[in-house]
Amino acid sequence: MKHRDVEVSRRGAVESCSPKCATARDSAGPCGPCWKDPPSPPERRGLIKERELTSTTRQLYGSLLRHHLEPTFGSMSVAEISPPLVRRWRADKLASGTGPTTVAKAYALLRAITGTAVADQMIRRNPCTIKGASTVHTPERPTATVQEVYDLAEAIQPRYRALVLLAGFLGLRWGELIGLHCRDIDLDLGAVRVRRAVAELFNGQREIKAPKSAAGKRTVAIPPAILPDLRDHLRRYAESGADGRVFVGAKGATPRRNHFNRLWRKACQEAGIKGLHFHDLRHTGNTLAASTGASTRELMARTGHSSARAALIYQHASVDRDRLIADAVSSLVAKGRKKTRKARKKQDRKPEGHAGDTVG
């Protein structure tokens with residue numbers, strides 16, 4: 001049978017042709033008889049269910065799908081999604097006031113879904129072709145000084161003093177800190193073993209899970225300067241026994257982020273610090289580690305990052321560090337100028353030509 005072109009946007013999705021189909025081997029896609037209707041929206045949601053995702057990520061994707069993708073794309077086949085339609089959808093989202101971060105995440109999910117459709121030979125090419133549209137541009141967050149970390153530790157409720165110090169000087173995440181048990185802290189070795197994290201879901205439930213990545217399971221050395229504070233906390237506030245939780249609320253419950261945020265904002269106000277989020281303490285600890293001259297690999301191990309790109313964030317130049325660099329460069333410039341001046345003086349003292357050696 002003679003092959004005829006099949007318009008993707010009208011005929012639907014495609015399944016793999018038979019290996020004997022010469023038309024498919026010689027053309028950009030399968031022949032007409034090999035095309036079939038694309039999956040329905042519920043089946044498309046199955047593309048998310050098939051992926052190995054954490055509960056929090058699964059909930060995020062579900063929310064993005066319901067609120068941002070299905071209203072536009074839910075009633076059409078995957079094959080009907082075209083680059084112009086995707087561009088118009090994205091522009092409308094941004095114009096309607098949807099946050100750029102949310103739009104970027106929704107676009108990334110749409111691109112992943114259509115990318116799976118391409119891999120499964122349901123469509124010929126991915127309609128998500130906007131360069132950089134899935135990149136989340138976030139402004140650089142502030143970092144606290146060492147004194148500010150201590151000021152916040154003093155201002156917060158005493159049972160959370162060690163929480164602030166560990167976040168500020170070890171760079172641990174909130175979920176990692178709340179997930180610590182007493183057996184995870186070795187005061188003699190001076191180290192914290194990160195083995196789990198507590199995740200808060202959208203419905204208020206909590207889930208104990210592995211850290212964010214495989215690299216998140218790590219052992220982090222504790223700065224000796226805060227060991228007395230940690231020892232005091234374990235004695236006064238932590239649950240007893242090796243399985244006891246390190247951080248518990250006044251009524252014995254695992255702290256919730258929304259309740260702690262109220263305490264955090266109050267502490268920031270008392271300390272006179274504006275615009276600092278609790279997670280910014282992680283940036284403080286990691287930036288301090290980077291300023292010691294630690295290598296990228298060492299930073300990756302300490303911060304629990306699986307990619308060098310993430311660890312490199314903390315190797316940016318701080319104002320104080322940049323001043324030290326500038327002073328060092330100035331010293332090199334001064335030495336270079338001094339050598340140049342000495343060389344010129346020697347040149348000026350030397351007689352021109354061979355006049356000094358000429359016999360009169």
Side-chain angles (χ1 to χ4, degrees), residues 138 140-180 184-187 189-194 197-198 211-212 216 218-234 236-238 245-249 255-257 259-294 298-305 310-311 313-321:
T138 54
E140 187 173 346
R141 294 294 308 160
T143 56
T145 64
V146 171
Q147 186 56 51
E148 285 175 336
V149 173
Y150 273 104
D151 289 344
L152 289 165
E154 290 290 340
I156 201 78
Q157 285 187 4
R159 68 173 54 251
Y160 296 122
R161 174 184 173 86
L163 181 79
V164 172
L165 295 177
L166 286 176
F169 299 135
L170 272 72
L172 301 187
R173 303 175 178 92
W174 165 265
E176 294 172 342
L177 289 163
I178 298 304
L180 289 176
D184 298 321
I185 298 180
D186 188 332
L187 294 178
L189 182 63
V192 172
R193 299 181 185 90
V194 180
V198 175
K212 195 172 182 179
R218 63 201 188 278
T219 299
V220 185
I222 305 171
I226 66 171
L227 279 175
D229 297 280
L230 189 52
R231 183 175 287 106
D232 180 66
H233 173 87
L234 293 175
R236 297 176 59 188
Y237 300 112
R245 292 168 296 171
V246 173
F247 296 106
V248 293
R256 287 191 176 274
R257 188 67 179 267
H259 175 259
F260 178 81
N261 280 341
R262 291 196 291 270
L263 302 177
W264 173 257
R265 286 192 291 269
K266 182 180 178 181
C268 286
Q269 185 176 5
E270 291 183 8
I273 300 172
K274 296 181 179 180
L276 191 73
H277 298 167
F278 180 80
H279 189 73
D280 294 333
L281 291 182
R282 171 169 166 80
H283 301 311
T284 297
N286 294 341
T287 301
L288 286 172
S291 69
T292 64
E298 290 168 335
L299 286 177
M300 289 171 62
R302 185 172 180 84
T303 61
H305 284 131
I313 293 174
Y314 302 108
Q315 290 181 316
H316 62 74
S318 65
V319 175
D320 293 339
R321 187 67 177 166

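Throughout, residue positions are numbered sequentially from 1 according to the sequence presented.
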Atom CG of Leu163 and atom CG of Asp229: how far apart are they, to the nearest 0.5 Å? 12.5 Å
Can you name the nearest heavy-atom pair linking His233 to Val246, along with the distance? NE2-O, 2.8 Å
What residues form a side chain to side chain contact (heavy atoms under 4.5 Å, CB included) with Leu189, not counting sequence neighbours? Asp186, Ala191, Arg193
State which residues pass ring pair (Phe, Tyr, Trp, His ring centres under 6.0 Å) with Phe278; sequence neighbours excluded, sorted by chain then number. Trp174, Phe260, Trp264
Across all chains, not counting sequence neighbours, the salt bridge (Lys or Arg N to Asp or Glu O under 4.0 Å) partners of Arg257 are none
Counterpart residues, side-chain hydrogen bond (donor to acceptor under 3.5 Å, both in side chains), relative to Arg302 (two or more places apart): none
Using a 4.5 Å cut-off on heavy atoms from C-beta on, say whether the side chain of Leu281 contacts that of Val164. yes
Got a donor-acceptor contact below 3.5 angstrom from the Thr284 side chain to the Ala144 backbone? yes
Results of side chain to side chain contact (heavy atoms under 4.5 Å, CB included) for Pro142 - residues two or more places apart only: Leu276, Asp280
Who pairs with Glu298 by side-chain hydrogen bond (donor to acceptor under 3.5 Å, both in side chains), at least two apart in sequence or on another chain? Ser295
The criterion is side chain to side chain contact (heavy atoms under 4.5 Å, CB included); which residues satisfy it with Glu154, sequence neighbours excluded? Arg161
Phe169: which residues meet the side chain to side chain contact (heavy atoms under 4.5 Å, CB included) condition with it, sequence neighbours left out? Val146, Val149, Tyr150, Leu165, Pro223, Ile226, Leu288
Heavy atoms only: give me the nearest Gln157-Leu263 pair and the separation to one decimal. NE2-CD2, 3.5 Å
Is it the case that the side chain of Arg282 and the backbone of Thr303 share a donor-acceptor pair, with hydrogens and angles ignored and the cut-off at 3.5 Å? yes
Sequence neighbours left out, what passes salt bridge (Lys or Arg N to Asp or Glu O under 4.0 Å) with Asp184? Give chain and number order. Arg196
Got a list of side-chain donor-acceptor pairs under 3.5 Å for residues 265-275, not counting sequence neighbours?
none

